[in-house]
Amino acid sequence: MPEIPVAPEPPAPAAPDRSAVRALLRLWPYVRPVRRRLFTAAFVAVVASCLSLVIPLVLKWLVDGPVADRDPGGVWLGALYLLLLGITEAVLFGFRRWLVARPLAGVEARMRADLYGRLQRLPIAFHDRWASGQLLSRGTTDLMLVRMFLAFPLTFLLVNGVTILAGYVLLLAQDWSLGLVLLTPVIPLVIVCSVFEGRYGAVARRAQDQVGDLTTVVEESVLGIRIVKGFGRHRSQALAFRDLASTLRGTELAKARLLAMIWAVITVVPELAIGAALVLGTVQVADGDLSAGTLVAFLSTAMALRWPVESIGFLLAMSQEAATATERYFEVMDADEEPDAPARTATTTDGPGGVRFEGVSFRYPDAPRDAPPVLDGIDLHIRPGETLALVGGTGSGKTTLTALVPRLHEASAGRILLDGEDIALMERDRLRSLVSMAFEEPTLFSASVGENVLMGAGDEAGEPELRRALGVAQADGFVDRLPDGTGTQVGEQGLSLSGGQRQRLALARAVVGRPRFLILDDPLSALDVHTEARVEAALREVLRETTALVVAHRPSTVMLADRVALLSRGRIAAVGTHQELLRTSEEYAWLMSGEDKGTEDR
Ligand SMILES: Nc1ncnc2c1ncn2[C@@H]1O[C@H](COP(=O)(O)OP(=O)(O)OP(=O)(O)O)[C@@H](O)[C@H]1O
Ligand SMILES: [Mg+2]
């Protein structure tokens with residue numbers, strides 16, 4: 001059995017000219033509505049942080065004043081000032097947190113809602129290309145990183161920058177020569193930080209893509225758990241998972257190494273500078289060039305700056321991660337949507353009614369260039385009210401052809417007319433309200449049976465429509481035997497139902513809205529002959545009222561149709577009644593006979 005694919009390609013490599021700032025600026029539209037709160041919060045944080053710089057000044061006053069004068073009252077007063085400053089700082093930081101928490105949760109929710117909406121509108125071709133785990137991780141981990149960036153690094157890069165600047169001004173004002181000693185580490189630190197930023201950005205991108213791959217594997221093996229267990233593949237799946245997880249672990253370790261490196265440099269270098277300043281300052285105090293209080297103030301200012309400087313390393317790291325997360329988010333948001341408006345503008349009505357394919361060709365966007373198109377110049381007319389069966393070997397393009405009618409894929413050439421109206425000129429919503437489908441794989445959602453079926457109708461449809469549709473699909477019997485009837489919840493993807501039950505619910509969903517055009521892709525394949533006969537009898541009534549295209553593999557399904565079209569090598573090879581085609585088309589006769597001529601693909 002083939003390996004379950006485990007390592008989907010990352011959909012897009014990081015752009016070479018990536019700029020974290022440019023990526024993060026794209027968040028502005030989402031941040032704009034909460035900008036006032038964010039700015040207020042940043043301002044509060046700047047004030048709080050600068051308060052910590054006042055503490056050394058109080059210390060200087062304490063040392064040079066009350067301590068030198070041996071005045072206990074003054075010392076107590078100084079201690080009280082220090083306590084008040086500390087409390088105010090803490091309260092202000094708490095206030096800042098309160099200011100940002102709620103609006104930022106709102107930003108995250110809005111971005112997530114937009115992403116979800118986007119995913120609904122992106123064309124099928126996009127979803128064919130993208131692994132679901134990549135989309136899932138963008139909607140979860142990446143958005144969380146963005147919110148954390150807005151809450152923390154965004155503010156604190158500013159706050160710490162301002163604090164460091166103000167601190168240096170204070171240092172230089174207290175003693176410019178000692179201040180210059182502390183300025184020397186700035187140049188190497190800036191260089192190290194910029195090197196770090198670039199490297200960390202690349203590793204962060206790799207890690208986030210790998211999280212997406214890992215999510216895909218988990219999702220796939222959970223959805224395919226029956227196959228994994230049935231074929232005893234749990235060991236190989238676990239191995240595949242372990243491989244991916246250990247790759248991710250390697251990447252995370254690379255991140256940790258980079259972070260450790262920058263952390264070491266950022267802590268050690270200023271520490272050395274402070275040590276040098278301490279030696280120089282002590283010499284100056286001993287020589288009487290400097291007051292002890294000034295040295296204390298100077299050193300405690302330098303100490304107060306240690307946290308703002310040290311934190312820059314991981315603030316930059318978090319910003320890089322947020323920038324890659326933002327890039328990944330907008331990769332999805334920038335993908336071309338299905339245009340809501342018609343592809344062309346003028347509305348024309350010409351030709352007879354029904355469904356008309358005129359020279360329709362189609363190739364999948366990701367098919368190899370030299371491969372022949374799946375559909376190559378299809379001309380076909382389904383008369384109004386008629387039911388046409390579409391027959392063809394497996395892989396001949398039947399499903400592809402049906403997907404073109406509701407424009408799940410866009411025809412590469414030619415046009416399709418519904419009652420004389422070119423579908424490329426129709427609003428998508430209107431087109432899809434006219435056309436209803438039952439797909440080859442009956443997909444159900446985790447909702448009640450009734451909700452699943454009524455999905456196929458407008459909001460006004462209710463119980464009577466539901467009963468009728470269940471009746472047509474011969475599903476009323478088993479649905480009524482379910483614990484809560486139509487209110488019974490079906491599990492994820494409807495896996496709590498049998499294949500035939502799912503197929504009948506999907507059929508009910510297709511017919512519940514009494515669509516003008518009905519497309520059924522092999523709708524009865526999973527039913528036993530007796531149920532199939534009963535469904536067919538009921539379906540005949542429905543087909544009488546609509547224009548229908550029914551993909552059929554078996555003579556019994558073909559019997560539902562007025563005429564049959566044979567699809568072969570991307571073209572309509574023959575059209576006629578079942579009897580006519582049996583007589584005139586050897587391929588048709590072969591497909592319908594079930595005889596084995598030794599070749600599967602003709
Ligand atoms: N999303 C896709 N991307 C690329 N190629 C595709 C895609 N879907 C189908 N194909 C290819 O297009 C061809 C026609 O597929 P299609 O599903 O239309 O066949 P079909 O006639 O419905 O077959 P079956 O009777 O087995 O359902 C196949 O060769 C298939 O490999
Ligand atoms: Mg098919």
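Note that this is a predicted model, so its numbers are computed, not measured.
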Enquirer: Can you tell which of Val211, Asp213, Thr215 makes a side-chain contact (heavy atoms from CB on, under 4.5 Å) with Gln134?
Expert: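 When Val211, Asp213, Thr215 are each tested with Gln134, the side-chain contact (heavy atoms from CB on, under 4.5 Å) holds only for Asp213.
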Enquirer: Check the pair Leu380 / Arg356 against side chain to side chain contact (heavy atoms under 4.5 Å, CB included), numbers first and verdict last.
Expert: CA-CA 6 Å; Leu380 188 62; Arg356 199 175 187 100; over 6 Å; no
Enquirer: For side chain to side chain contact (heavy atoms under 4.5 Å, CB included), just list the numbers for Leu470 and Leu466, CA-CA rounded to whole Å, side-chain angles, deciding distance to a tenth of an Å, and then say yes or no.
Expert: CA-CA 6 Å; Leu470 290 176; Leu466 177 60; 4.2 Å; yes
Enquirer: Does the Arg502 side chain pair with the main chain of Leu497, one donor and one acceptor, at a distance under 3.5 Å?
Expert: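 Pair found, side chain donor or acceptor close to backbone of Leu497.
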Enquirer: Donor-acceptor pair, distance only, cut-off 3.5 Å: does the side chain of Arg509 make one with the backbone of Ala457?
Expert: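 Not a single qualifying donor-acceptor pair exists.
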Enquirer: Quick check against the 3.5 Å criterion: does Tyr116 have a side-chain atom that pairs as donor or acceptor with the backbone of Met111?
Expert: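 It does not hold such a pair.
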Enquirer: Could you tell me whether Arg26 sits above the aromatic face of Phe330, with NZ or CZ closer than 6.0 angstrom to the six-membered ring centre and within 45 degrees of the axis?
Expert: yes
Enquirer: I'd like to check Leu505 versus Val449 (side-chain heavy atoms, cut-off strictly below 4.5 Å). Are they in contact?
Expert: yes
Enquirer: Any non-hydrogen side-chain atom of Met144 less than 4.5 Å from a side-chain atom of Glu108?
Expert: yes
Enquirer: Looking at Glu541 and Arg544, is any side-chain nitrogen of the basic one under 4.0 Å from a carboxylate oxygen of the acidic one?
Expert: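 Between Glu541 and Arg544 there is a salt bridge, with a charged N closer than 4.0 Å to a carboxylate O.
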Enquirer: When you measure from the side chain of Ser585 to the backbone of Leu581, do you find a donor-acceptor pair of N or O atoms at a distance under 3.5 Å?
Expert: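 Here the side-chain-to-backbone pair does not exist.
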Enquirer: Quick check against the 3.5 Å criterion: does Arg147 have a side-chain atom that pairs as donor or acceptor with the backbone of Ala109?
Expert: no
Enquirer: What's the separation between atom CG in Leu408 and atom OG1 in Thr400, rounded to the nearest 0.5 Å?
Expert: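 Reported value, rounded in 0.5 Å steps: 11.0 Å.
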Enquirer: Side chains of Gln474 and Thr531 only: does a donor on one sit below 3.5 Å from an acceptor on the other?
Expert: no
Enquirer: Can you name the nearest heavy-atom pair linking Val228 to Ser221, along with the distance?
Expert: CG2-O, 4.2 Å
Enquirer: So, do Phe357 and His381 have ring centers that fall under 6.0 Å from each other?
Expert: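 No.
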Enquirer: Could you give me the CA-CA distance, side-chain angles and deciding distance for Thr247 and Gln210, then say whether side chain to side chain donor-acceptor pair (under 3.5 Å) is met?
Expert: CA-CA 8 Å; Thr247 316; Gln210 285 167 357; 5.7 Å; no
Enquirer: Would you check if Ile416 and Asp422 make a side-chain contact, meaning some heavy-atom pair closer than 4.5 Å?
Expert: no
Enquirer: More than 12 non-hydrogen atoms from neighbouring residues, nucleotides or ligands closer than 6.0 Å to CG on Asp336, yes or no?
Expert: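 Open.
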Enquirer: Are the side chain of Asp522 and the backbone of Glu440 linked by a donor-acceptor contact shorter than 3.5 Å?
Expert: no
Enquirer: Mind listing the closest non-hydrogen atom pair of Ala469 and Val453 along with its distance?
Expert: CB-CG1, 4.3 Å
Enquirer: Ser556 and Glu532: side-chain donor and acceptor closer than 3.5 Å?
Expert: yes
Enquirer: Show the nearest heavy-atom pair for residues Gly485 and Thr488, with the distance to one decimal.
Expert: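 So the minimum-distance heavy-atom pair works out to O-OG1, 2.7 Å.
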Enquirer: Is Glu410 paired with Arg428 through a side-chain N to carboxylate O contact shorter than 4.0 Å?
Expert: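 So Arg428 pairs with Glu410 through a salt bridge.
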Enquirer: If you measure from the Lys or Arg side-chain nitrogens to the Asp or Glu carboxylate oxygens, is any gap between Glu421 and Arg430 under 4.0 Å?
Expert: yes
Enquirer: What heavy-atom pair brings Glu451 and Ala447 nearest, and what distance separates the two atoms?
Expert: OE1-CB, 3.2 Å
Enquirer: For residues Gln489 and Ser448, is any side-chain donor paired with an opposing acceptor at under 3.5 Å?
Expert: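 Absent: no donor and acceptor within the cut-off.
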Enquirer: Distance check, rounded to the nearest 0.5 Å: Ser137 atom OG versus Leu214 atom CG?
Expert: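 One gets 10.0 Å once the value is rounded to the nearest 0.5 Å.
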Enquirer: Is a side-chain donor or acceptor of Arg407 paired with a backbone partner of Ile423 at a separation under 3.5 angstrom?
Expert: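 The answer is yes, because a donor-acceptor pair under 3.5 Å joins these two groups.
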Enquirer: Would Leu527 and Gln503 count as a side chain to side chain contact (heavy atoms under 4.5 Å, CB included) if you check the C-alpha gap in whole Å, the side-chain angles of each, and the deciding distance to 0.1 Å?
Expert: CA-CA 8 Å; Leu527 306 186; Gln503 202 170 45; 4.1 Å; yes
Enquirer: Considering only NZ, NE, NH1 and NH2 on the basic side and carboxylate oxygens on the acidic side, decide whether Glu465 and Arg467 come within less than 4.0 Å.
Expert: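 Judged by the 4.0 Å cut-off on N to carboxylate O distance, Glu465 and Arg467 do not form a salt bridge.
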Enquirer: Please step through side chain to side chain donor-acceptor pair (under 3.5 Å) for the pair Arg138 and Gln208, ending with a clear verdict.
Expert: CA-CA 9 Å; Arg138 279 161 170 80; Gln208 276 151 274; over 6 Å; no
Enquirer: For Arg468, enumerate each residue passing the side chain to side chain donor-acceptor pair (under 3.5 Å) test, keeping only those at least two apart in sequence or located in another chain.
Expert: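 With sequence neighbours excluded, Arg468 shows a side chain to side chain donor-acceptor pair (under 3.5 Å) to no residue whatsoever.
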Enquirer: State the NZ-CD distance between Lys229 and Gln237, to the nearest 0.5 angstrom.
Expert: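 Reported to 0.5 Å precision, the distance equals 12.0 Å.
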Enquirer: Nearest 0.5 angstrom please: Phe126 CZ to Leu135 CG, how far?
Expert: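 Between atom CZ of Phe126 and atom CG of Leu135 there are 5.0 Å.
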Enquirer: CZ of Arg249: more than 12 outside heavy atoms within 6.0 angstrom?
Expert: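 No, not enclosed.
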Enquirer: Taking the side chain from Asp379 and the backbone from Gly359, do they hold a donor-acceptor pair closer than 3.5 Å?
Expert: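 Checking the backbone N and O of Gly359 against the side chain of Asp379, a donor-acceptor pair under 3.5 Å is found.
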Enquirer: Please confirm whether the backbone N or O of Asp562 pairs with a side-chain atom of Thr387, one donor and one acceptor, at under 3.5 Å?
Expert: no
Enquirer: I'd like to know if the side chain of Arg554 reaches the main chain of Leu524, judged simply by a donor and an acceptor atom lying under 3.5 Å from each other, with no hydrogens or angles considered.
Expert: yes
Enquirer: Name all residues meeting the ring pair (Phe, Tyr, Trp, His ring centres under 6.0 Å) criterion together with Tyr588; count only those two or more places apart in sequence or in a different chain, and write none if there are none.
Expert: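 Scan of Tyr588 (ring pair (Phe, Tyr, Trp, His ring centres under 6.0 Å), adjacent residues dropped) gives His578.
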Enquirer: So, for Leu388 and Ala565, which heavy atoms are closest and what is the spacing to 0.1 Å?
Expert: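 Closest heavy-atom pair between Leu388 and Ala565: CD2-CB, 3.9 Å.
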Enquirer: How about CZ on Arg242, more than 12 heavy atoms from neighbouring residues, nucleotides or ligands closer than 6.0 Å, or not?
Expert: no
Enquirer: Out of curiosity, Thr399 OG1 to Glu441 CD, how far, rounded to the nearest 0.5 Å?
Expert: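 Going from OG1 on Thr399 over to CD on Glu441, the span is 8.0 Å.
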Enquirer: Charged N to carboxylate O below 4.0 Å: is that the case for Asp209 and Arg205?
Expert: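 Counted as a salt bridge, because a side-chain N and a carboxylate O are separated by less than 4.0 Å.
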Enquirer: Tell me, do His127 and Leu122 make a side-chain contact under 4.5 Å, heavy atoms counted?
Expert: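 They are in contact (side-chain heavy atoms under 4.5 Å apart), so the answer is yes.
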Enquirer: When you compare the side chain of Val146 with that of Leu27, does any pair of heavy atoms fall below 4.5 Å?
Expert: yes
Enquirer: Ser361 versus Leu375: any side-chain heavy-atom pair under 4.5 Å?
Expert: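 Sidechains of Leu375 and Ser361: no contact.
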Enquirer: I'd like to know whether Leu560 forms a side chain to side chain contact (heavy atoms under 4.5 Å, CB included) with Leu543, so could you lay out the CA-CA distance, the side-chain angles of the two residues, the decisive distance to 0.1 Å, and finally the verdict.
Expert: CA-CA 8 Å; Leu560 284 170; Leu543 291 177; 4.1 Å; yes
Enquirer: Would you say OH of Tyr364 has more than 12 non-hydrogen atoms from neighbouring residues, nucleotides or ligands within 6.0 angstrom?
Expert: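 Yes, OH of Tyr364 has more than 12 neighbouring heavy atoms, counting only those of other groups under 6.0 Å.
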Enquirer: For a 4.5 angstrom cut-off between non-hydrogen side-chain atoms, does Trp130 reach Leu119?
Expert: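 Not in contact.
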Enquirer: Indicate yes or no: at least one non-hydrogen side-chain atom of Leu401 is less than 4.5 angstrom from one of Lys398.
Expert: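 The answer is no, as the side chains (C-beta and beyond) never meet within the 4.5 Å cut-off.
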Enquirer: Hey, could you give me the OG1/CG distance between Thr557 and Leu520, rounded to the nearest 0.5 Å?
Expert: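 Those atoms lie 10.0 Å apart.
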Enquirer: Closest approach of Val550 and Pro523, non-hydrogen atoms and distance?
Expert: CG1-CD, 4.1 Å
